[in-house]
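Here the structure is laid out as C-alpha cells; the discussion comes afterwards.
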Amino acid sequence: GGSIRQERKQPSKAAIDRMMKRSQQDSSMPIPGTEDCEAWKVVVRRLRDLGPPSTRRQVDEEIEQSINIEADFWVRYPNSPNWALGTGFSTEAEFMAYMQAKESRR
C-alpha cells in the first residue's frame with residue numbers, strides 16, 4: 001500500500017493517436033517529460049506486441065535505447081517539467097516554447 005511514489009498520469013487517446021501517426025514518419029522519441037513522450041512509449045510497446053516476431057528484437061533495442069536516453073535526460077535536467085507527474089507539457093512544441101521563454105528571461 002502506502003507508497004510515496006506519485007501516480008503517473010496516463011497519456012490521453014489523442015496523444016496516443018498523435019504518436020501513432022508520428023511513428024509512421026519518425027521513430028525517434030519525443031522530449032522526455034511530455035505527454036507525447038508517455039504516449040510514444042505506449043505506442044512503441046503496442047507496435048511491438050502487434051508486429052511480427054521478427055521485428056521484436058529491433059523494437060526491444062529501440063525501447064532499451066529510449067529508456068537510456070530518458071534516464072540520461074533526467075540526470076542532466078532533474079528539474080525539467082514532467083507531464084506524467086502533473087508539472088509538464090502535453091506536446092514537444094509547448095515544451096520548446098517554455099524553454100525559449102525561460103532562456104529569454106535570463
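The residues of the chain are indexed from 1 along the displayed sequence. Values below: all heavy atoms of this structure, side chains included; hydrogens, waters and symmetry mates excluded.
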Check: Within the distance-only criterion (no hydrogens, no angle test), does the side chain of Glu35 pair as donor or acceptor with the backbone N or O of Ser12 below 3.5 angstrom?
Finding: yes

Notebook entry, point to check: Quick one: do the Glu94 and Thr91 side chains pair a donor with an acceptor below 3.5 Å?
Noted result: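 Checked: Glu94/Thr91 side chains pair up, N/O donor to acceptor below 3.5 Å.
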
Notebook entry, point to check: With the threshold set at 4.0 Å, does a side-chain nitrogen-carboxylate oxygen contact exist between Glu92 and Arg22?
Noted result: yes

Notebook entry, point to check: If you measure from the Lys or Arg side-chain nitrogens to the Asp or Glu carboxylate oxygens, is any gap between Asp17 and Lys21 under 4.0 Å?
Noted result: no

Check: Is Ile67 reachable from Leu85 through a run of hydrophobic residues whose side-chain heavy atoms are each under 4.5 Å from the next?
Finding: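 No; Ile67 is not reachable from Leu85 via cluster members.
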
Note to self: If I take atom NZ from residue Lys9 and atom OG1 from residue Thr87, how far apart are they, to the nearest 0.5 angstrom?
What the structure shows: 8.5 Å

Margin query: Nearest 0.5 Å, please: how far is CD in Gln65 from CG in Asn68?
Written below: 8.0 Å

Within a strict 4.5 Å, meaning less than it, do heavy atoms of the [X] and [Y] side chains meet?
{"X": "Lys41", "Y": "Ile63", "answer": "no"}
{"X": "Trp40", "Y": "Pro11", "answer": "no"}
{"X": "Thr34", "Y": "Glu38", "answer": "no"}
{"X": "Val44", "Y": "Ser66", "answer": "no"}
{"X": "Arg18", "Y": "Ser90", "answer": "yes"}
{"X": "Glu70", "Y": "Met29", "answer": "yes"}

Checklist line | Which atom of Ile16 lies closest to which atom of Val43, heavy atoms considered | finding: O-CG2, 3.6 Å

Margin query: Show the nearest heavy-atom pair for residues Arg56 and Gly51, with the distance to one decimal.
Written below: NH2-O, 3.7 Å

Next item on the list: Start with the C-alpha distance between Trp83 and Cys37, add both sets of side-chain angles, then the distance that settles side-chain contact (heavy atoms from CB on, under 4.5 Å), and finish with yes or no.
Entry: CA-CA 9 Å; Trp83 179 87; Cys37 184; over 6 Å; no

Check: Which pairs, with at least one residue in residues 44-53 and sequence neighbours excluded, count as a salt bridge (Lys or Arg N to Asp or Glu O under 4.0 Å)?
Finding: Arg48-Asp60

Notebook entry, point to check: In the hydrophobic cluster built from side-chain contacts under 4.5 Å, what are the other members alongside Phe95?
Noted result: Ile31, Phe73, Trp74, Tyr77, Phe89, Met96, Tyr98, Met99

